[in-house]
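What you are looking at is a predicted structure, and each value in this text was computed from that prediction instead of being measured. Along the sequence shown, residues carry numbers from 1. The basis for the numbers below is simple: all heavy atoms, side chains too, and nothing from hydrogens, waters or symmetry mates.
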Amino acid sequence: MLKTLGAQIKEFKKDSLITPVFMILEVIMEMIIPLMMASIIDKGVETGDMGHICRIGGLMIVAAVAGLVFGIMGGKYGARASTGFASNLRKAMFENIQTFSFANIDKYSTSGLVTRLTTDVTNMQNAYQMILRLCMRAPISLIIAMVMSFLISPRLASIYLFAVIILGVILGIIVTNATRHFSQVFPKYDDLNESVEENVSAIRVVKAYVREDYENQKFKKASGNIYSLFCRAENIVAWNSPVMSLAMYSCILLISWMGAKMIVGGSLTTGQLMSLMTYCMNILMNLMMVSMIFVMITMSLASARRIAEVLGEKTLLSNPENPVYEVADGSIEFRDVSFKYHTEAKEPVLKDINLKIAPGETIGILGGTGSAKSSLVNLISRLYDVTEGSLFVGGRNVKEYDLETLRNEVAVVLQNNVLFGGTILENLRWGKKDASLEECRRACKLACADEFIGKLPGGYETHIEQGGTNVSGGQRQRLCIARALLKQPKVLILDDSTSAVDTATDARIRKAFKEAIPGTTKLIIAQRISSICDADKIIIMDEGQVMGFGSHEELLKSSEIYREVYESQTAGSGDFDEKGEL
């Protein structure tokens with residue numbers, strides 16, 4: 001874990017090394033000042049030597065200014081190192097997430113990843129700055145102050161040593177108990193973020209069903225869990241200050257009492273007693289700092305593990321040693337393909353799939369909810385890898401291709417149509433980043449999107465809200481189809497991507513596909529038989545198996561399932577799952 005996180009310091013190594021040096025120099029300046037103060041009292045004030053007072057006083061000012069400068073420089077370089085470290089962590093995590101396959105993404109919730117990129121990284125930033133500054137400053141300051149105290153009076157300094165040992169034990173108990181609660185807090189942030197994300201993204205549904213009170217209660221519960229854990233932890237940490245104050249004032253009283261006796265006996269000077277008092281405050285304050293460092297580092301350990309988990313996650317899909325960079329055509333072949341989402345799953349999602357699709361064919365895919373239609377097509381662009389068997393595109397195993405090449409040639413319009421914040425043109429150019437306006441218009445015309453774009457005030461420059469919330473479901477689907485067409489792929493997969501458009505528009509889109517991209521292999525998942533009845537062939541899916549494969553006419557004769565669905569839909573029911581029972 002430390003190696004994984006440490007690798008992200010990168011260009012901020014110099015700042016990370018300089019910061020502790022400045023902190024040590026600041027501590028040295030602070031430790032010199034009490035000795036100078038003792039000298040002023042003993043050799044200046046008591047003897048009436050103004051020259052000595054001025055000389056040492058001047059040196060004290062120089063030491064104080066130098067300590068201030070060293071502290072400022074330590075703060076500057078520490079802040080730069082910690083913020084740079086945090087920036088590199090976010091960048092590294094985000095870049096690694098982009099390499100994830102669907103199988104990798106399935107392991108993490110969206111809210112969990114957001115928490116890691118925000119709250120957890122902020123914790124690491126604060127902890128790293130504390131390590132660079134206080135972790136170096138507090139222990140060294142404590143040790144030097146203790147050494148200086150023993151040099152002045154071993155007898156009185158032993159009081160400090162005894163107090164430090166007792167306090168160290170007590171603070172250890174406090175930190176250990178507080179840590180247990182702090183480590184439980186950050187997973188709860190995932191629940192809180194999930195509640196917020198779900199509510200904001202589905203705010204229209206919340207309002208439509210008048211569920212604001214329910215959502216408020218859910219958020220209140222998630223927020224309350226965090227509040228409760230923090231309160232428990234802070235209630236334990238709160239003992240830190242009174243225990244430290246008790247020890248501090250007890251030491252001061254003991255040193256004052258014993259020191260006064262020693263001054264009377266001539267074994268200690270007034271200036272030395274003042275120095276010991278200063279060192280006493282310094283030792284105990286630094287001990288408090290050390291305890292808070294332990295609390296902060298312990299809090300950040302949970303965050304560190306969560307960040308390292310994402311950074312250490314390796315994509316389950318990778319390029320072969322000598323990848324193929326050209327897809328010959330849109331032919332597709334499944335040979336004894338089985339697939340599981342999780343290796344430990346008992347039953348495969350897809351079982352013994354054998355299919356052969358020629359380039360340029362239009363293939364309809366029909367099946368009930370949960371019949372694994374989407375799982376089947378996700379294998380083609382290698383969003384997942386087959387568990388058993390082989391899958392070929394363009395005459396080659398998909399595992400032989402460069403991933404980017406394969407996915408550029410296999411365009412997928414997924415069930416959840418996603419548009420990004422930006423103009424319509426910017427969204428379309430996700431399909432082809434250098435597409436001209438004319439190319440975008442042509443793709444939109446094929447997808448029957450040009451008709452509604454032309455009616456918008458800004459046309460192709462109309463701004464789309466994040467998620468496409470300011471356009472209808474059918475408009476969103478047509479824009480996503482146009483975006484996929486801009487890729488000019490060898491294979492086009494439409495995963496129930498015309499479900500929100502009317503049947504007339506659906507028919508026009510299919511006609512445009514047939515006339516404009518005859519060489520592209522088209523796989524269309526649909527619930528309406530009218531959407532796929534004119535396809536070259538239709539695949540009937542049921543419980544992860546192919547139950548029929550042929551043309552509309554062939555399946556009417558050979559497939560009882562297809563015939564039942566056809567009759568139920570043409571009779572006007574249109575309820576595929578109920579009548580077809582797929």
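Under the ring pair (Phe, Tyr, Trp, His ring centres under 6.0 Å) criterion, Y401 pairs with no residue, sequence neighbours left out. E388 is linked by a salt bridge (Lys or Arg N to Asp or Glu O under 4.0 Å) to nothing, counting only residues two or more places apart in sequence or in another chain. For the side-chain contact (heavy atoms from CB on, under 4.5 Å) test, residues two or more places apart in sequence or in another chain that qualify with Y214 are R211, K218. Remark: I173 engages V169, N177 in a side-chain contact (heavy atoms from CB on, under 4.5 Å) (not counting sequence neighbours). Partners of E465 according to the salt bridge (Lys or Arg N to Asp or Glu O under 4.0 Å) rule, which considers only residues two or more places apart in sequence or in another chain, do not exist here. Under the rule for a salt bridge (Lys or Arg N to Asp or Glu O under 4.0 Å), the partners of R382 that lie at least two apart in sequence or sit in another chain are D385.
Contact annotation: the side chain of M541 approaches that of I365 to within less than 4.5 Å [non-hydrogen atoms, C-beta and beyond]. In this structure, L89 and Q125 have side chains that are not in contact, with every pair of non-hydrogen atoms separated by 4.5 Å or more. Residues V413 and I493 are not in side-chain contact: their nearest non-hydrogen atoms beyond the backbone lie 4.5 Å or more apart. Here the side chains of T423 and I464 are not in contact, with every heavy-atom distance at 4.5 Å or above. Side-chain contact between V471 and I424 is absent, with no heavy atoms from C-beta onward closer than 4.5 Å. Looking at heavy atoms from C-beta onward, K490 lies out of side-chain contact with V410 at the 4.5 angstrom threshold. At least one side-chain heavy atom of I380 sits under 4.5 Å from a side-chain heavy atom of F334. A 4.5 Å side-chain heavy-atom check between V310 and E313 finds every atom pair outside the cut-off.
Within the model, atoms CG of N319 and NZ of K399 stand 13.5 Å from one another, a figure rounded to the nearest 0.5 Å. We find the CG-CG distance between N378 and L383 to be 5.0 Å, quoted to the nearest 0.5 Å. Atoms CD1 and OG, from I166 and S250 in turn, are 11.5 Å apart once rounded to the nearest 0.5 Å. The distance from atom NZ of K76 to atom CD1 of I18, rounded to the nearest 0.5 Å, is 9.5 Å. Between atom CD1 of residue I159 and atom CG of residue L254 there is a gap of 5.0 Å, rounded to the nearest 0.5 Å. Distance check: L311 CG to L5 CG gives 6.5 Å after rounding to the nearest 0.5 Å.
Considering all non-hydrogen atoms of both residues, G544 and I353 come closest at O-CD1, 3.5 Å. For the residue pair P323 and D402, the shortest heavy atom distance occurs at CB-N, 3.6 Å. Nearest heavy-atom pair, T315 versus T99, reported as atom, atom and distance to 0.1 Å: OG1-O, 3.0 Å. When every heavy atom of K432 is checked against every heavy atom of L486, the shortest pair comes out as CB-O, 3.7 Å. Listed here is the closest heavy atom pair of S82 and Y128: CA-CD2, 3.7 Å. Residue S381 comes nearest to V412 through the heavy atom pair OG-CG2, 3.7 Å, listed as atom of the first residue, atom of the second, then distance.
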- List the steps and the verdict of side-chain contact (heavy atoms from CB on, under 4.5 Å) for L379 and V337. CA-CA 10 Å; L379 297 177; V337 168; 4.0 Å; yes
- Taking it one step at a time, do L391 and N397 satisfy side-chain contact (heavy atoms from CB on, under 4.5 Å)? CA-CA 6 Å; L391 173 57; N397 193 312; 5.6 Å; no
- Message: Pair E26, M29 - check side-chain contact (heavy atoms from CB on, under 4.5 Å), show working.
- Response: CA-CA 5 Å; E26 183 189 16; M29 293 301 107; 5.8 Å; no
- Message: The test is side-chain contact (heavy atoms from CB on, under 4.5 Å); show your working for L523 and L492 and say whether it passes.
- Response: CA-CA 6 Å; L523 281 78; L492 176 63; over 6 Å; no
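With hydrogens and angles disregarded, no donor-acceptor distance shorter than 3.5 Å links the side chain of D120 to the backbone of A304. A donor-acceptor pair is defined here as one N or O able to donate and one able to accept, closer than 3.5 Å; no such pair exists between the side chain of S338 and the backbone of K351. Checked by atom type and distance alone, the side chain of S223 never pairs as donor or acceptor with a backbone atom of F219 at under 3.5 Å. Distance alone, capped at 3.5 Å, is enough to place a donor-acceptor pair between the K487 side chain and the R407 backbone. Between the T83 side chain and the R80 main chain, a donor and an acceptor come within less than 3.5 Å of each other. With R429 contributing its side chain and A435 its backbone, the two residues share a donor-acceptor pair below 3.5 Å. Side-chain atoms of R335 do not come within 3.5 Å of backbone N or O of S390 as any donor-acceptor pair. Checked by atom type and distance alone, the side chain of Q129 never pairs as donor or acceptor with a backbone atom of N126 at under 3.5 Å. At distances below 3.5 Å, at least one donor-acceptor pair connects side-chain atoms of K373 with backbone N or O atoms of G367. Under a 3.5 Å cut-off, the side chain of T387 and the backbone N or O of K340 do form a donor-acceptor pair.
Around CD of E212, the count of heavy atoms belonging to other residues, nucleotides or ligands within 6.0 Å exceeds 12. Around CZ of F94, the count of heavy atoms belonging to other residues, nucleotides or ligands within 6.0 Å does not exceed 12. The local environment of NE2 in H463 is crowded, with over 12 non-hydrogen atoms from other residues, nucleotides or ligands closer than 6.0 Å. Applying the 6.0 Å contact sphere to CD of E11 captures more than 12 heavy atoms from other residues, nucleotides or ligands. Residue Y227 places its OH atom among 12 or fewer non-hydrogen atoms of other residues, nucleotides or ligands, all under 6.0 Å distant. The number of heavy atoms from other shown groups lying within 6.0 Å of NZ (K10) is above 12.
In this structure, F12 has its ring center no closer than 6.0 Å to that of F85.
Judged purely by distance below 3.5 Å, without hydrogens or angles, the side chains of S371 and D542 never pair a donor atom with an acceptor atom. A donor-acceptor contact closer than 3.5 angstrom is absent between the side chains of S16 and Y77.
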